[in-house]
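Single-structure report; data block below.
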Amino acid sequence: MLEPELRAVEICPICRAKMRRTSELCPQCGAERQYGPTRIESLICTGLGMVAVPSLILTLVKPSPWLALFVVIGGLLGFFVANVRFGGDRWIRKRHA
């Protein structure tokens, strides 16, 4: 295998193998660079928002027709939190089946 130039080399944060700086996938361990939240992270945060906000509202006031609006608001807030929390790029280890 050809060795890349020294200034174009990056070390994989998972397995510490040499790879190109522009790589999206580690050739040795299969770790993948991920930008933003994964689908499961978005779904979990959205679901938690759809449960947490109405629960908080129900502890303060009795149930009302406005509760459906609070469910939607909670879902949107959860989705926003997922995008802020997982917004950067990071390396995710691939699970082998």
Side-chain angles (χ1 to χ4, degrees):
M1 182 170 135
L2 294 173
E3 289 291 322
E5 290 184 37
L6 189 56
R7 67 176 182 257
V9 172
E10 185 176 270
I11 303 295
C12 174
I14 306 295
C15 69
R16 304 288 183 215
K18 290 181 183 177
M19 56 188 234
R20 293 196 179 276
R21 188 173 296 278
T22 58
S23 294
E24 299 292 322
L25 193 67
C26 176
Q28 186 162 350
C29 69
E32 183 178 7
R33 187 185 310 246
Q34 174 74 34
Y35 296 96
T38 60
R39 182 174 291 140
I40 191 73
E41 292 165 345
S42 294
L43 290 174
I44 288 172
C45 289
T46 302
L48 286 175
M50 291 174 76
V51 170
V53 171
S55 299
L56 180 64
I57 297 301
L58 283 176
T59 60
L60 300 175
V61 295
K62 62 183 180 179
S64 69
W66 289 94
L67 195 59
L69 178 66
F70 290 121
V71 170
V72 172
I73 291 171
L76 291 173
L77 286 174
F79 184 76
F80 176 73
V81 166
N83 282 290
V84 170
R85 166 67 179 89
F86 303 107
D89 67 323
R90 58 206 163 108
W91 286 89
I92 296 178
R93 183 185 320 242
K94 287 294 181 183
R95 294 188 180 109
H96 299 300

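By convention here, the first residue in the shown sequence is residue 1.
Looking only at side-chain heavy atoms (C-beta outward), Pro27 and Met19 come within less than 4.5 Å of each other.
Contact detail for Trp91 and Ser23: the closest heavy-atom pair is CH2-O, 3.8 Å. Closest heavy-atom contact between Arg33 and Asp89: NH1-OD2, 3.3 Å. Taking all atoms of both residues into account, the shortest heavy-atom contact from Val9 to Arg21 is O-NH2, 3.4 Å. Between Ile14 and Ala31, the closest heavy-atom pair is CG1-CB, 3.6 Å.
In the hydrophobic clustering, Val84 connects to Phe80, either directly or through intervening members, whenever side-chain heavy atoms lie under 4.5 Å apart. Under a 4.5 Å side-chain heavy-atom criterion applied to ILVMFWY residues, the cluster that includes Val72 comprises Leu76 as well. Clustering of Ile, Leu, Val, Met, Phe, Trp and Tyr by side-chain heavy atoms under 4.5 Å joins Phe79 with none of the others.
With sequence neighbours left out, the side chain to side chain contact (heavy atoms under 4.5 Å, CB included) criterion links Gln34 to Thr38, Arg90, Ile92.
Listed by first then second residue, pairs satisfying salt bridge (Lys or Arg N to Asp or Glu O under 4.0 Å) with a partner in residues 65-86 number zero, not counting sequence neighbours.
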Name the atoms and distances for all side-chain donor-acceptor pairs under 3.5 Å in residues 61-69, with sequence neighbours left out.
unit_1	atom_1	unit_2	atom_2	d
Ser64	OG	Trp66	N	3.3

Per-pair distances, 0.1 Å, donor-acceptor, side chain in residues 43-56, under 3.5 Å, sequence neighbours excluded:
unit_1	atom_1	unit_2	atom_2	d
Thr46	OG1	Ser42	O	2.7
Ser55	OG	Val51	O	2.6

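Val71 and Leu77 are members of different hydrophobic clusters when ILVMFWY side chains are connected at heavy-atom separations under 4.5 Å.
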